[in-house]
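Here it is: the structure, laid out below.
Just so you know, ligand 1 is whichever comes first in the structure, and atom 1 is the first atom listed for that ligand.
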Amino acid sequence: MKHLSIDQFRDALICAADDIIASEPKLTEIDTIIGDGDHGTTMKSGFTALKAMLKSSGYESMFDLLRSTGVQLLRVMGGASGVIFGTLFIGGHEAVRNKTEMDADCFIDFFDMSCEAIMKRGKARPGDKTMLDALYPAIEAMKERRKASGDMRDIMDAAAEGAKAGAQSSADMLPKVGRSKNFRERGIGYPDPGAVSVSIIFSSMAEYLHSI
Ligand code: ADP
Ligand code: MG
């Protein structure tokens, strides 16, 4: 599978939304320990609204699909995480301008640019115990896999594996940014909730690709 169509990409995002919505209790539990407890409900409301939008609208381009996704999350989630998760789908838009299909290079460029944009906006770096600790290793894993394969399933599997390992490794980190910094030591041994969300998003997109 060399390319994803706009409809396939939209359906992959709907699967990710379903998994985020179903993970609300788990995300709430982790954010209650290391943050202020709202991550599960914030993500659930954002991805519920996202799913409704994706199911009811048509998209002319990847740019249109991804930008609309990011704007909806930004609008509904609000706050710091709205900006962060909105930017995940908006920050790479230059990589998908005029594209009607998604291939491996475009997909990697898209998230590479999003990651840069998130670091710029939020002033965090990998290692600070944020969602970047899942996103950054996901991108590194995709770049590594790309040397051997341009198949979208392989690339998405690499993203899911990189994000999962990254989210797990965030458990040993001390938070440096965001509200959870107030809870510092209490967070040791628990992964960053945003990193777990990124891992869920990539895993369900990978699962979707294997189902079609
Ligand atoms: P809030 O931080 O407003 O309580 P959430 O609980 O919904 O929002 O989201 C918290 C998550 O957002 C964190 O687990 C982290 O992954 C992510 N996050 C917060 N601030 C930043 C930042 N500056 N850079 C990257 N990610 C961040
Ligand atoms: Mg929170």
Side-chain angles (χ1 to χ4, degrees), residues 13 16-51 69-93 110-141 159-160 162-205:
L13 289 169
D18 281 332
D19 281 351
I20 288 287
I21 294 164
S23 303
E24 184 269 314
K26 179 168 99 177
L27 296 172
T28 297
E29 191 189 341
I30 308 168
D31 196 37
T32 301
I33 297 161
I34 90 152
D36 55 1
D38 60 352
H39 188 63
T41 46
T42 306
M43 291 296 280
K44 185 179 180 180
S45 55
F47 281 78
T48 301
L50 173 63
K51 183 179 170 183
T69 295
V71 169
Q72 181 76 327
L73 294 178
L74 184 67
R75 198 176 64 78
V76 177
M77 290 171 65
S81 58
V83 173
I84 300 297
F85 282 87
T87 305
L88 179 62
F89 295 100
I90 297 170
H93 70 248
F110 179 82
F111 284 107
D112 215 1
M113 290 170 76
S114 304
C115 184
E116 284 294 324
I118 292 168
M119 290 196 274
K120 212 170 156 193
R121 285 299 283 258
K123 311 255 182 292
R125 307 290 307 170
D128 291 349
K129 197 173 180 108
T130 70
M131 55 82 82
L132 289 168
D133 292 305
L135 181 59
Y136 190 82
I139 295 162
E140 292 298 296
K164 189 174 179 197
Q168 278 166 358
S169 75
S170 74
D172 301 327
M173 298 172 186
L174 263 180
K176 295 207 184 76
V177 296
R179 287 187 201 157
S180 61
K181 73 178 173 223
N182 303 326
F183 298 85
R184 281 179 175 272
E185 277 72 24
R186 216 210 286 174
I188 289 281
Y190 294 91
D192 173 69
V196 174
S197 290
V198 169
S199 170
I200 293 167
I201 292 168
F202 283 125
S203 294
S204 38
M205 288 175 73

Neighbour count above 12 (heavy atom, 6.0 Å) for Phe110 CZ: yes
Find all atoms of ligand 1 within a distance of less than 4.0 Å from any non-hydrogen atom belonging to Met131, and give their numbers and elements. 15 (C), 16 (O), 26 (N)
Angle class for the Phe85/His39 ring planes (parallel below 30°, perpendicular above 60°, tilted otherwise)?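 Tilted.
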Kindly identify the option in Ala80, Gly46, Gly82 whose heavy atom sits closest to atom 2 (O) of ligand 1. Ala80
Answer yes or no: does an N/O atom from Ala124 fall short of 3.5 Å to an N/O atom of ligand 1?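 In fact, backbone or side chain, Ala124 has no N or O that close.
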Under 3.5 Å, N or O to N or O, is Gly122 touching ligand 1 that way?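 Between Gly122 and ligand 1, an N or O pair is found under 3.5 Å apart.
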Can you find an N or O of Asp36 that's nearer than 3.5 Å to an N or O of ligand 1?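 Between Asp36 and ligand 1, an N or O pair is found under 3.5 Å apart.
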From the options Asp38, Ile34, Thr28, select the one whose nearest heavy atom is closest to atom 1 (P) of ligand 1. Asp38
So, does Ser169 use its side chain to make a donor-acceptor pair with the main chain of Gly166 at under 3.5 Å? yes
I'd like to know if the side chain of Asp128 and the backbone of Thr130 have a donor-acceptor N/O pair within less than 3.5 Å. no
With a 4.0 Å cut-off on heavy atoms, is Gly79 touching ligand 1? no
Does only the side chain of Asp128 get under 4.0 Å from ligand 1, or the backbone, or both, or neither? Count heavy atoms. neither
Does any N or O in the side chain of Lys164 come within less than 3.5 Å of the main-chain N or O of Ser199, such that one atom is a donor and the other an acceptor? no
Measure the CZ-CD distance between Arg121 and Glu116 for me, rounded to the nearest 0.5 Å.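 So the CZ of Arg121 and the CD of Glu116 are separated by 14.5 Å.
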Name, closest N/O/S atom of Asp31 to the Mg ion (ligand 2):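 In Asp31, the N, O or S atom with the shortest distance to the Mg ion (ligand 2) is OD2.
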For the pair Asp133 (side chain) and Ala167 (backbone), establish whether a donor and an acceptor sit closer than 3.5 Å, ignoring hydrogens and angles.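 Pair absent, no side-chain N/O of Asp133 close to backbone of Ala167.
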CG/Leu50 to CE/Met77 distance, rounded to the nearest 0.5 angstrom? 10.5 Å
Quick check on contacts: which atoms of ligand 1 are under 4.0 angstrom from a heavy atom of Ser81?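 Heavy-atom distances to Ser81 below 4.0 Å select 5 (P), 7 (O), 8 (O), 9 (O).
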Would you kindly specify which portion of Thr130 sits under 4.0 Å from ligand 1, judged on non-hydrogen atoms: side chain, backbone, both or neither?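 For Thr130, the contact with ligand 1 is made by both the backbone and the side chain.
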Any idea which atoms of ligand 1 are less than 4.0 Å away from a heavy-atom of Pro193? 14 (O)
Between OD1 of Asp38 and OD1 of Asp36, what angle is found at the Mg ion (ligand 2), rounded to 10 degrees?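 If I round to 10°, I get 80°.
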Under 3.5 Å, side chain of Glu140 to main-chain N/O of Gly162, donor-acceptor pair present?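 No, Glu140 side chain to Gly162 backbone: no donor-acceptor pair under 3.5 Å.
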Test your reading of the structure: does Phe85 have an N or O sitting under 3.5 Å from an N or O of ligand 1?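 No, since none of the N or O atoms of Phe85 sits under 3.5 Å from an N or O of ligand 1.
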